[in-house]
Amino acid sequence: MRYLILSDIHSNWEALEAVLADAANRYDEIVCCGDIVGYGADPNASIVWVRDHAATIVRGNHDRAATGTDDIEWFNPAARAATLWTQSKLTAANLSYLKNLPRGPLAGDGFQVAHGSPLDEDDYIVTPGQAAQLYGYLASSVTFFGHSHLQGGFLLRRSGTQPVGQVPASREEMEIRIPDDSTALVNPGSVGQPRDGDPRAAYALYSPEEKLIRYRRVHYDLETAQGKIINSGLPDVLAYRLSLGS
Ligand code: ZN
């Protein structure tokens, strides 16, 4: 079994399309680490696609917020505006799908899936120190997570924690083989709103047989995604930040 690992699509249909074209024929099953919606202009199309194709998925904080059950006072103004906009656009079926998404972590076949941290879906794992604290608490040798929109993750072993970087700007792919003595925290990066300085859509492929993660970056039709955001009445800043990857 080969897996396509997606996270933080954030209603960016053009980015999702580019990722799927790029990953074509390289996977058997799809895993999604949450945040299908929020920020972008295509919440319904994104949800319908994920609903029909993802085999394993956990909810993200923006999926939860879009159902209207969360207090979004702590969201920044643009995120809050996008949440209210998304709430107003969701079809009844898609709202119900988001409401029923499971909270992470969720066990897959030899891996687990979380949105933020496996200990708390809203926690960010960004620093090696934060990752190291999870050593001994991870239920699986491979954990996929998102939330930070930073591609990479960490290899944890008794002797220390090794950060995994992102695909270099000059390349499209970076391979990491998970050593036998290590537990891996793998962030595929954000499909629809990267924040690691690289505006290309991010994702990962996982081959358990080879214990191999292939991180990838792919260009997408940024201008169309930005135009939809601006024309839909979402805050302009959500369009501009896509070109910065921040
Ligand atoms: Zn997110």
Side-chain angles (χ1 to χ4, degrees), residues 4-16 19 30-47 49-50 54 56-72 74-87 89-90 94 97-98 101-106 113-126 130 143-153 166 185-204 215 217 220 225 229 234-235 237-242 244-246:
L4 169 62
I5 317 297
L6 306 176
S7 191
D8 298 281
I9 296 166
H10 284 296
S11 303
N12 187 335
W13 181 253
E14 286 69 31
L16 178 59
V19 162
I30 294 170
V31 171
C32 180
C33 307
D35 275 4
I36 308 168
V37 301
Y39 299 129
D42 279 312
N44 287 307
S46 303
I47 293 170
W49 185 87
V50 169
T56 311
I57 177 167
V58 296
R59 69 185 185 186
N61 54 312
H62 284 261
D63 302 322
R64 217 174 56 223
T67 67
T69 55
D70 264 37
D71 180 4
I72 56 168
W74 58 273
F75 270 28
N76 68 51
R80 192 159 57 231
T83 297
L84 296 173
W85 181 92
T86 303
Q87 287 173 0
K89 300 290 177 192
L90 286 181
N94 288 340
Y97 175 75
L98 289 187
L101 282 177
R103 170 207 296 259
L106 204 64
V113 188
H115 182 59
S117 157
L119 300 188
D120 182 330
E121 61 182 342
D122 291 331
D123 272 1
Y124 288 91
I125 310 172
V126 174
Q130 290 163 340
T143 299
F144 297 109
F145 73 104
H147 195 36
S148 67
H149 301 204
L150 305 174
Q151 189 178 51
Q166 64 200 79
L185 279 167
V186 176
N187 189 332
S190 170
V191 171
Q193 197 201 68
R195 293 179 195 159
D196 47 18
D198 186 339
R200 294 177 297 172
Y203 73 98
Y215 293 95
R217 297 306 278 247
Y220 70 95
I229 288 173
L234 283 160
V237 65
L238 296 176
Y240 299 138
R241 70 185 296 180
L242 291 180
L244 305 175
S246 71

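Whatever order the structure lists ligands and atoms in, that order sets their numbers, starting from 1. Here, residue 1 is the first one in the sequence, and each next residue gets the next number. Values below: all heavy atoms of this structure, side chains included; hydrogens, waters and symmetry mates excluded.
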Student: Name of the Asp8 N, O or S atom nearest the Zn ion (ligand 1)?
Tutor: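 Nearest N/O/S atom: OD1.
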
Student: Can you tell me which N/O/S atom of Asp35 has the shortest distance to the Zn ion (ligand 1)?
Tutor: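 Considering only N, O and S atoms, Asp35 comes nearest to the Zn ion (ligand 1) through OD2.
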
Student: Okay, side chain of His147, backbone of Asp122: is any donor-acceptor separation there less than 3.5 Å?
Tutor: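 The answer is yes, because a donor-acceptor pair under 3.5 Å joins these two groups.
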
Student: Could you pull out the atom name of the N/O/S atom in His149 that is nearest the Zn ion (ligand 1)?
Tutor: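 Closest N, O or S atom of His149 to the Zn ion (ligand 1): NE2.
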
Student: Hey, is there an N, O or S on His62 sitting under 2.8 Å from the Zn ion (ligand 1)?
Tutor: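 It does not: His62 brings no N, O or S atom closer than 2.8 Å to the Zn ion (ligand 1).
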
Student: Mind telling me whether Phe75 and His62 have parallel, tilted or perpendicular rings, with 30° and 60° as the class edges?
Tutor: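 Tilted: the ring planes of His62 and Phe75 meet at 30° to 60°.
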
Student: Under 3.5 Å, side chain of Asp35 to main-chain N/O of Asp8, donor-acceptor pair present?
Tutor: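 No, because the side chain of Asp35 does not come within donor-acceptor range (under 3.5 Å) of the backbone of Asp8.
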
Student: Looking at Arg217 and Asp196, does any basic side-chain N land under 4.0 Å from a carboxylate oxygen?
Tutor: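 Salt bridge present between Arg217 and Asp196.
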
Student: Give a yes or no on whether His10 keeps an N, O or S atom under 2.8 Å from the Zn ion (ligand 1).
Tutor: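 Here the distance criterion (N, O or S atom, under 2.8 Å) is met by His10, so yes.
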
Student: List the atom of Tyr215, the atom of Val186, and the distance in Å for their closest heavy-atom pair.
Tutor: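 Looking at all heavy atoms of both residues, the closest pair is OH-CG1, 3.6 Å.
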
